[in-house]
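Below is one structure, written out as structure tokens; comments come after it.
Letters go in sequence order (proteins before strands), and every chain restarts at 1.
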There are 2 protein chains.
Amino acid sequence: MMDMENKTGNIAVVGMGPGRESMMTDEALQALDSADVIVGYTVYLDLLGERFAGKEFLSTPMKQETERCRLAFEEAAKGKSVAMVCSGDAGIYGMASLMFEMKEELGADGTGIRVIPGITAASSGAAALGAPLNHDFCVISLSDLLTPWELIEKRLRAAAAGDFAIAIYNPSSKKRHDYLQKACDILLETAEPERACGYVRSIGRDGEEYHTCTLRELRDAEVDMFTTVFVGNSQSRIIDGRLVTPRGYKL
Amino acid sequence: MMDMENKTGNIAVVGMGPGRESMMTDEALQALDSADVIVGYTVYLDLLGERFAGKEFLSTPMKQETERCRLAFEEAAKGKSVAMVCSGDAGIYGMASLMFEMKEELGADGTGIRVIPGITAASSGAAALGAPLNHDFCVISLSDLLTPWELIEKRLRAAAAGDFAIAIYNPSSKKRHDYLQKACDILLETAEPERACGYVRSIGRDGEEYHTCTLRELRDAEVDMFTTVFVGNSQSRIIDGRLVTPRGYKL
């Protein structure tokens, strides 16, 4: 078992889940409680609310992730215990990998990094929608800020070829309004148009809503950056209004 | 926001994470607290320990999953609020999909099903190992109890073709002692032997241990049914003894 304490001079990279305290683990809450300083994107910090109101918070604007990680190491070097918060899971499109890379870059040998997992949108969105990921699945982000679009296309094709259920993160943004459409067109090269799909908006937050649809309908669904999309595998079905991917048990 | 109460006659399918209370969400704990009866595989029930000592527990042996789900509906039909516990996440190789199928099978229209996510081994194992799933990834189970081995092979090939990081569940059992070897051989058809990999045993429990290795070494690693295996993508590296898959940020 790991030590629960967030030691001085060390950094905990903490997954806070969808954004409400009741969906964080006690381990994550304890890591924040015991931190001298909490570093994170302001929107996530705001979600944490009253419990951590007395804490020292440090932030950088969106898209300044490397600066944010550097800041965490600077604070740790002062002997503070630092918590770096990420939405969802710290190690799924979160800051965990960048923190290890930054440690190497800075030669910060004395700074320990501990990753504390959280509920990622694949899990929380799936739960809201039913059980779309209840067999082998892929998680793919459509954001091409850090990944060439060609690689994203390749992965979508591979996911369809393997008949995986798929969770799609970052399906859309202002600049990428047609990316989900492009992704569905790629999946439709091999998957049937009637493939069972769904999407969840504002998971675990006020206004959470989920929708089921076919792959053809998904192509034209209105999604935003707060939406997580789920594509079933060839065995998935809509049962009682929920998206369900069977595990294979005989009834 | 969803109602936190586990209402009478309804069923909550609850992901309990790796097995210790501090890695469960408060939402999951509340669902168990408010249940009249908790149904689950005995090993998971034992892990829950003292907190739920006064509760009515019902169980069936391993491999009797459909009977266990049927039992949950029988209890709900008596007007009880039921919690069905699963290790990890309820919707990732858990009981969530079977519960929806059983509801349809039984015509149990009056019984509501609510899925409460938990930390799955992909998340908790990744956190222990470093950040192996910090880019697009696949989750594949090597258990062929419910899935034809040919389909598992197809998915392994697709995962390698898409250059996904991979989390492998159920890499071995007494009857399937060479399955990880077979899986590695398939991945080695396209992935380089030096590909960065790792595995974690007894995640979040006493005796937790993690190892990093190459894909060639992974082929001969000693794994058991309590081990989760991680295969990096082509960009993954071992940094400071941890398995790290970069997100793509420039340092």
Legend entry - Most chain B-contacting option - heavy-atom pairs closer than 4.5 Å, from A:Arg70, A:Lys250, A:Met95, A:Arg237: A:Arg237

Inset, instruction - Mind ranking A:Ala96, A:Gly15, A:Ala158, A:Gly91 by heavy-atom pairs under 4.5 Å with chain B and telling me who comes out on top? - result: A:Gly91

Inset, instruction - Please examine the side chains of A:Met102 and B:Tyr249, heavy atoms only from C-beta on, and report whether any two atoms are closer than 4.5 Å. - result: no

Inset, instruction - For residues B:Ile239 and A:Lys103, determine if any side-chain heavy atom of one lies less than 4.5 Å from a side-chain heavy atom of the other. - result: no

Inset, instruction - Decide yes or no for B:Asp240 and A:Glu104: does some side-chain heavy atom of the first lie under 4.5 Å from some side-chain heavy atom of the second? - result: no

Inset, instruction - For A:Ala161 and B:Lys154, work out which heavy atoms get closest and say how close. - result: O-CE, 3.1 Å

Legend entry - Most chain A-contacting option - heavy-atom pairs closer than 4.5 Å, from B:Ala28, B:Gly248, B:Ala127: B:Ala127

Donor-acceptor contacts under 3.5 Å from residues 115-123 of chain B side chains, at least two apart:
| residue | atom | partner | partner atom | Å |
| --- | --- | --- | --- | --- |
| B:Thr120 | OG1 | B:Tyr169 | OH | 2.5 |
| B:Ser123 | OG | A:Asp89 | OD2 | 3.0 |

Inset, instruction - For each of A:Glu209, A:Met99, A:Glu105, A:Glu67, tally heavy-atom pairs with chain B at distances under 4.5 Å, and name the one with the top tally. - result: A:Glu105

Inset, instruction - Please state whether the side chain, the backbone, both or neither of B:Arg242 comes within less than 4.5 Å of a heavy atom of chain A. - result: side chain

Legend entry - Proximal component of B:Asp109, with respect to chain A [non-hydrogen, under 4.5 Å]: neither

Inset, instruction - Looking only at non-hydrogen atoms, find the nearest pair between B:Leu251 and A:Glu101 and report the distance. - result: CD1-O, 3.7 Å

Legend entry - Check ion pair B:Glu27-A:Arg20 (N to O, under 4.0 angstrom): yes

What side-chain donor-acceptor pairs closer than 3.5 Å can you find for residues 138-147 of chain A, not counting sequence neighbours?
| residue | atom | partner | partner atom | Å |
| --- | --- | --- | --- | --- |
| A:Ser141 | OG | A:Ser143 | N | 3.1 |
| A:Ser141 | OG | A:Asn170 | ND2 | 2.8 |
| A:Ser143 | OG | A:Leu145 | N | 3.4 |
| A:Asp144 | OD2 | A:Tyr179 | OH | 2.6 |
| A:Thr147 | OG1 | B:His135 | NE2 | 2.9 |

Legend entry - Criterion side chain to side chain contact (heavy atoms under 4.5 Å, CB included) against A:Phe100, the qualifying member of B:Leu243, B:Ile238, B:Val244: B:Val244

Inset, instruction - Considering only heavy atoms and a distance below 4.5 Å, find which of B:Gly94, B:Ala126, B:Ala167 pairs most often with chain A. - result: B:Gly94

Legend entry - Over-ring placement of A:Arg155 relative to B:Phe164, 6.0 Å and 45° cut-offs: yes

Inset, instruction - Determine whether more than 12 heavy atoms belonging to other residues, nucleotides or ligands lie under 6.0 Å from atom CD of B:Glu189. - result: yes

Legend entry - Contacting moiety of B:Leu29, where chain A heavy atoms sit under 4.5 Å: neither

Legend entry - Closest approach of A:Asn134 to B:Tyr93 (non-hydrogen atoms, all atoms of both residues): ND2-N, 3.4 Å

Inset, instruction - Determine the option with the most heavy-atom pairs under 4.5 angstrom with chain B, choosing from A:Val13, A:Thr25, A:Leu151. - result: A:Thr25

